[in-house]
Number of protein chains: 2
Amino acid sequence: MARRTTTAVGDTRRALLDAAAAEFAARGYAGANVDRIARAARVNKAMIYYHFRSKAALYREIIRDMFDAVAARVREVAGSGASPENKVRGFIAAIAIEGEARPHFPRIWLREIAEGAEHIDAGTLRDARDVLGALGSIIEEGCRAGRFHPANPLVIHATIVAPLMFFFATGKFRQKLDRHGARGAARISRDEVVTHLERVTLAVLEGRIA
Amino acid sequence: MARRTTTAVGDTRRALLDAAAAEFAARGYAGANVDRIARAARVNKAMIYYHFRSKAALYREIIRDMFDAVAARVREVAGSGASPENKVRGFIAAIAIEGEARPHFPRIWLREIAEGAEHIDAGTLRDARDVLGALGSIIEEGCRAGRFHPANPLVIHATIVAPLMFFFATGKFRQKLDRHGARGAARISRDEVVTHLERVTLAVLEGRIA
DNA sequence: GTCTATAAATAGATAGAC
DNA sequence: GTCTATCTATTTATAGAC
């Protein structure tokens, strides 16, 4: 019997991580409240300090998990045997899938940008660098194969990642706008955005823009 | 003599607004500290409650100023006699100019998105709706003139505004990345981003993408 | 691993003199 | 309009029992 009567091992930890991600996304690092996190996780507050060391350490762990997942998926795409075109599609999908799988990631990501990556540790910074590097190598590979024109990876990165994070993070905002006269602001699908980004990015890289 | 010996009328108010914008950008609404704002403005803390009513009211005023400025500029572009193509260029320029003129705007904008526009009053919401509406009418005008293909204004908006705000807000982050192995992350100009967005957006709207 | 109780610091806000 | 002093509530964090 590997389980307790009511609670599985690690449940408290998981519940805290989930509740904390929601709280950090909604209120930011400084605005987040450990009491509220504990209450939402239906766990005693002291457990935060037992399982993690501090509010800051809890936050860093959440950040690290998110960026690790994105970086891993992107590295996998870049290292695969796919064509440069499909690697670009895979890159866009990687960001979209991870941004969607972790409902609080996009909002936390926006806040970290605003904060100048202040709460980010060396490993997470390496993740960010790797994502950018992977995109750069995909572009280079396409250029060597004579299928892509040279382009600044930072510009391509910004025009893919920013709209995607923006889209995922604006769910609430768009519903509010919809109710206030911007008819249809809420009616837009994830696929519409992804397809648009694929079309545009590939057109740019393949020099299909007059 | 309309001035006092040392301090012009309204100086305290202005100093507080500037210091507060910096504080809110760096730490978010909940994380911002009124003591720190007063200290940075070299003004007594009680002045915040005299000139504004509360921390919340001070924040709302900053938000309103920023979005009013953007909306005004965008409305001007949409209502001008320019061609649809130049109106699109004007729209992109409007966002870029205001995002650049108010150094704290992009980071505060990112945070507001993350917060689901919680601190936003009705006037500011109207601004947001008008910006989206103006872009929609520019696209419609281009379609009626047979120069644009139909496109979802929300998608076009996201692919313009998100990368621009992202670019302006990531100044610090990109310098950090640059020092950590992402060679050239800091070496990218505002004009490079704006030119890229103009080219891509017009190519999409004019159906010049295969 | 989990709980109660509480310490210690910091926050937003105001009263009242000048 | 500006300043000092202070009130009150909230917050992170820990000690210690179970």
Side-chain angles (χ1 to χ4, degrees), chain A residues 1-63 108 111 115 118-119 121, chain B residues 1-63 108 111-112 115 118-121:
Chain A
M1 199 138 78
R3 283 164 173 278
R4 304 276 200 74
T5 25
T6 56
T7 327
V9 180
D11 267 13
T12 296
R13 211 185 145 79
R14 255 267 66 81
L16 279 171
L17 284 171
D18 289 345
E23 175 76 2
F24 286 129
R27 305 181 193 249
Y29 174 73
N33 179 303
V34 292
D35 277 287
R36 207 156 28 216
I37 291 172
R39 220 177 312 130
R42 296 165 161 284
V43 150
N44 189 281
K45 179 174 58 151
M47 288 294 92
I48 290 178
Y49 297 92
Y50 174 78
H51 283 285
F52 310 90
R53 208 190 73 257
S54 63
K55 176 184 174 181
L58 170 58
Y59 184 71
R60 272 195 302 273
E61 178 143 345
I62 288 171
I63 292 281
I108 292 180
R111 289 187 191 275
E115 224 134 316
E118 203 129 298
H119 302 284
D121 59 31
Chain B
M1 201 133 83
R3 283 167 173 275
R4 305 276 200 73
T5 26
T6 55
T7 327
V9 181
D11 267 14
T12 296
R13 213 185 143 78
R14 256 266 69 79
L16 279 171
L17 283 170
D18 289 345
E23 176 76 2
F24 286 128
R27 305 183 192 247
Y29 174 72
N33 178 301
V34 292
D35 277 287
R36 206 155 30 215
I37 291 172
R39 220 178 311 128
R42 297 166 160 284
V43 150
N44 190 282
K45 178 173 61 150
M47 288 293 92
I48 290 179
Y49 297 92
Y50 174 78
H51 284 285
F52 311 90
R53 208 189 72 257
S54 64
K55 176 185 175 180
L58 170 59
Y59 184 70
R60 272 195 303 273
E61 178 144 343
I62 288 170
I63 293 280
I108 291 179
R111 289 188 191 274
E112 267 308 311
E115 222 132 318
E118 203 130 296
H119 302 285
I120 266 179
D121 58 32

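Lettering follows sequence order; numbering is per chain, from 1.
- Using a 4.0 Å cut-off on heavy atoms, the residues of residues 46-59 of chain A that approach DNA chain C are A/A46, A/M47, A/Y50, A/H51, listed by number.
- Per the geometry, CZ belonging to A/R42 stands 15 Å off P belonging to C/dT2, to the nearest Å.
- Put simply, B/T12 has a side-chain N or O that comes within less than 4.0 Å of OP1 or OP2 on D/dT2.
- Remark: side-chain polar atoms of A/E23 are not paired, donor with acceptor, to backbone N or O of A/R36 under 3.5 angstrom.
- Between the side chain of B/R111 and the main chain of B/A25, a donor-acceptor pair closer than 3.5 Å is present.
- Of all non-hydrogen atoms in B/L58 and B/A20, the two that sit nearest each other are CD2-CB, 3.7 Å.
- Spacing between atom CZ of A/R36 and atom P of D/dT10 amounts to 11 Å, rounded to whole angstrom units.
- Going from atom CZ of B/R13 over to atom C1' of D/dT2 covers 16 Å, rounded to whole Å.
- A/D121 CG to A/I63 CD1: the interatomic distance, rounded to the nearest 0.5 Å, is 9.0 Å.
- Atom-to-atom, NZ of B/K45 to C1' of D/dT4 comes out at 11 Å; the value is rounded to the nearest Å.
- Within 4.0 Å (heavy atoms only), A/A32 reaches sugar-phosphate atoms of the nucleic acid but no base atom.
- One interatomic measurement links the two molecules: CZ of A/R39 to C1' of C/dC3, which rounds to 16 Å at whole-angstrom precision.
- Note that B/K55 lies outside the cation-pi zone of B/Y49, set by a 6.0 Å cut-off to the ring centre and a 45° limit from the axis.
- Separating the CG atom of A/D35 from the C1' atom of C/dA11 is a distance of 15 Å, rounded to the nearest angstrom.
- Here CD of B/E112 is found 10.5 Å from CZ of B/F24. Values are rounded to the nearest 0.5 Å.
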Practice problem: Using a 3.5 Å limit on both pairing distances, list the dot-bracket string of DNA chain D from the 5' end; Watson-Crick and G-U wobble pairs count, crossing pairs take [ ], interstrand pairs take |. | Solution: |||||||.||||||||||

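- Between the P atom of C/dT10 and the CD atom of B/E23 lies a distance of 15 Å, rounded to the nearest Å.
- The side chain of A/N33 places an N or O atom within less than 4.0 Å of a non-bridging phosphate oxygen (OP1 or OP2) of D/dT12.
- When distances run from any side-chain atom of B/N44 to the nucleotides D/dT4, C/dA11, C/dT6, the shortest one goes to D/dT4.
- A donor-acceptor pair under 3.5 Å is absent between the side-chain atoms of A/K45 and the main chain of A/R39, judged by distance alone.
- A/D18 and A/R14 are joined by a salt bridge, as a carboxylate oxygen and a charged side-chain nitrogen come within less than 4.0 angstrom of each other.
- For the residue pair A/R27 and B/A30, the shortest heavy atom distance occurs at O-CB, 4.3 Å.
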